[in-house]
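Quick notes on the structure that follows.
We use all heavy atoms of the structure for the numbers below, so side chains are in, but hydrogens, waters and symmetry mates are not. Please read all numbers here as calculations on a predicted model, not as lab measurements.
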Amino acid sequence: VLSHNLCTVLNVPHDPVALEEHFRDDDEGPVSNQGYMPYLNKFILEKVQGNFDKVEFNRMCWTLCAKKNLSKSPLLISDEDAFKVWVIFNFLSEDKYPLIIVPEEIEYLLKKITEAMGAGWQQEQFDHYKIALNTSREGLSAWELIDLIGSGQFSKGMDRQTVSMAINEVFNELILDVLKQGYMLKKGHKRKNWMERWFVLKPNIISYYVSEDLKDKKGDIILDGNCCVEALPDKDGKKCLFLIKCLDKNFEISASDKKKKQEKTSGALFLSLPAIQSTVNLLRAGSPPPHKEARQKRKELRQKLLAEQEELERQMKELQAANENKQKELETVRKQLEAAAARAAEEEKKRLQTQVELQDRFSLELEREKMVRQKMEEQVAQKSSELEQYLQRVRELEEMYKQLQEALEDEKQARQDEETVRKLQARLLEEETAKRAELEKWHLQQQQTIQMTEAEKQELENQRMMKEQALQVAMQQLKQLELERKEALEQYEEVKKKLETAANNTKSWKDKVAHHEGLIRLIEPGSKNPHFITNWGPAAFTEAELEERQRSWKGKKATSE
């Protein structure tokens, strides 16, 4: 049932035989990811051509999921408004699963709804909500967005009808691509009278209806890059006139006043000369509608900021790691210096102890002690010099460590560049492999097409030979019929001569009878019309019968030829 309904909504032919074949040996069941998703992609989604009603498709998807996920708590919006919010969520959500709408898009949507209601935007209130939202999650799901709008948190003081009209207006702009709409006067092409119509401006068309309920559509104005809009002077009591020039027709339109012509008022977005001209300029430039272009720019900006933030975090991590390594190195050097100072102090202590022992042991040898003291002083000076050299060596090692650290950073950058080049080469190789496979596929298709063309050519040649043979047979039959026609004409001439001879003989005989027997009239059958003399005798045919027999003979001759 699901597959059949999907095919109906998407205008795709349903194939129940393929469905049965696909699920024949499916042990996991038809509703598993391994069972139904491949079937959905292969037999339904791949056949979609784009000529389907997207609103009806969204409504079917809403029917499948709304009953299970929609909140049971009472909301300030109707089910139809909840459906429209759900469709808008699908348009503004991020392109990853599970679908969420980020705070920036939530702010954009709430601003649009608030502006449509004619209320002021509470930025401070949303900032508090955004801070609370960022601390717990990245964004909202579709059902959480419906609860947020339905709770009336950002539409306090507004009734249900106003909120519903605002949601419908935002739905028309974002989903149905309605750029402007409103009442204006249009001049007829035949009767030349002015009629008030409800106009709806979309990126490539202007439709006009009898009223704003959109039930009775009167016509369309197809927009393209060749259209232009010109302002006209006031005439016939009509003001704010402008002319839309298309390839096949021109449309003369009047707004009731300049406010409706140039501004947006509560309740409807009125068409204007600048709005239509801006739409035509977008068509000439090949640009998307403004709301789609703005959504793409917001998305690109978020991606850029996210990339910059990730790059900044990566750099901070690298700096933090480098700082920790440097701290470890400095701690190691500090410990080495402390150990060297401890060793120097230990040596100094031992020297003093040795000196005391020598003084106690050799108290009588004062002169020798002086000499020993001098030697010890010299050793101390030498140790001090060695300590200075050691400290100088430590400073050189620190400098060398800094140079090694810089060299390590350069090596890391070089490795990253090498990895980037390697990935680029791999991607180019994959693209080349894909292109080669596609070329081989095209080659096979060309070979098959050539073979089919050769077979068709041979069949056409055989048919041509058969037709030529049939034509030769027909020519021979035509020649034979021509000969028979000539023979028949010769026989006809001979019979005609015989008839003339017989007629002359009959006339002479009648004259003789009249001469010898007086004025007499022979009784003869037939009409009083002029008689024909044939080989069957006088008055055998009338003129009408002879003409009928001549037409019959000519028809038979034409049929045989």
Side-chain angles (χ1 to χ4, degrees), residues 33-34 37-38 40-42 45-46 48 89-108 130-131 133-141 285-333 396-445:
N33 290 336
Q34 292 77 14
M37 294 306 295
L40 178 64
N41 291 327
K42 181 177 181 181
L45 298 183
E46 288 184 359
V48 176
F89 166 84
N90 292 329
F91 174 73
L92 296 177
S93 60
E94 298 298 298
D95 297 333
K96 61 181 180 179
Y97 190 82
L99 297 180
I100 61 170
I101 181 169
V102 297
E104 291 79 6
E105 296 296 335
I106 297 175
E107 181 179 2
Y108 170 76
K130 184 177 179 181
I131 292 172
L133 179 63
N134 289 333
T135 56
S136 59
R137 66 189 83 179
E138 295 181 0
L140 296 180
S141 66
S287 301
H291 62 276
K292 292 185 178 179
E293 185 176 5
R295 176 180 176 271
Q296 185 64 27
K297 288 182 179 180
R298 293 196 305 272
K299 184 177 179 181
E300 292 175 356
L301 180 60
R302 286 199 304 274
Q303 292 176 351
K304 182 179 179 181
L305 293 176
L306 181 60
E308 292 178 353
Q309 184 177 0
E310 291 177 351
E311 180 65 20
L312 183 61
E313 290 178 355
R314 185 186 63 80
Q315 293 178 357
M316 290 296 294
K317 288 180 179 179
E318 291 179 354
L319 291 174
Q320 185 177 0
N323 189 23
E324 290 177 356
N325 293 331
K326 187 176 291 185
Q327 291 290 339
K328 290 179 180 179
E329 294 292 337
L330 291 175
E331 185 67 21
T332 303
V333 172
E396 292 177 357
L397 288 174
E398 289 180 352
E399 185 67 25
M400 188 180 297
Y401 169 75
K402 291 181 181 179
Q403 294 177 358
L404 288 174
Q405 188 69 17
E406 294 176 355
L408 181 60
E409 292 294 332
D410 295 339
E411 183 180 359
K412 285 183 180 179
Q413 185 64 33
R415 287 181 180 177
Q416 291 178 356
D417 295 342
E418 182 182 359
E419 183 68 17
T420 302
V421 173
R422 185 184 64 79
K423 290 181 179 179
L424 179 60
Q425 290 177 350
R427 183 173 63 80
L428 292 175
L429 183 60
E430 290 177 358
E431 291 178 356
E432 182 179 1
T433 304
K435 289 181 179 178
R436 182 172 297 174
E438 187 177 358
L439 289 174
E440 291 178 355
K441 181 178 178 181
W442 288 353
H443 179 70
L444 290 175
Q445 291 178 356

Between atom [atom1] of [X] and atom [atom2] of [Y], what is the distance when rounded to the nearest 0.5 Å?
X: T420; Y: R415; atom1: OG1; atom2: CZ; answer: 14.0 Å
X: L305; Y: L312; atom1: CG; atom2: CG; answer: 12.0 Å
X: D410; Y: Q413; atom1: CG; atom2: CD; answer: 8.5 Å
X: K412; Y: Q416; atom1: NZ; atom2: CD; answer: 8.5 Å
X: F89; Y: L140; atom1: CZ; atom2: CG; answer: 8.5 Å
X: R436; Y: L429; atom1: CZ; atom2: CG; answer: 8.5 Å

Would you say [X] and [Y] make side-chain contact, with heavy atoms under 4.5 Å?
X: E396; Y: M400; value: no
X: E418; Y: V421; value: no
X: E440; Y: L444; value: no
X: E311; Y: Q315; value: yes
X: E432; Y: L428; value: no
X: H443; Y: L439; value: no

Exercise. For E313, does the CD atom have more than 12 heavy-atom neighbours from other residues, nucleotides or ligands under 6.0 Å away?
Worked result: yes

Exercise. Got a sec: does the CZ of R314 have more than 12 other heavy atoms crowding it under 6.0 Å?
Worked result: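 Yes, CZ of R314 has more than 12 neighbouring heavy atoms, counting only those of other groups under 6.0 Å.
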
Less than 4.0 Å between a side-chain N and a carboxylate O, is that true for [Y] and [X]?
X: K402; Y: E398; answer: no
X: E419; Y: R422; answer: yes
X: E324; Y: K328; answer: no
X: E431; Y: R427; answer: yes

Nearest heavy-atom pair of [X] and [Y]: which atoms, and what distance?
X: Y401; Y: K326; result: OH-CA, 3.1 Å
X: I101; Y: I106; result: O-CD1, 3.6 Å
X: I100; Y: G139; result: CD1-N, 4.2 Å

Exercise. Ignoring hydrogens and geometry, is there a side-chain-to-backbone donor-acceptor pair from N325 to A321 under 3.5 Å?
Worked result: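 Side chain of N325 to backbone of A321: a pair is present.
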
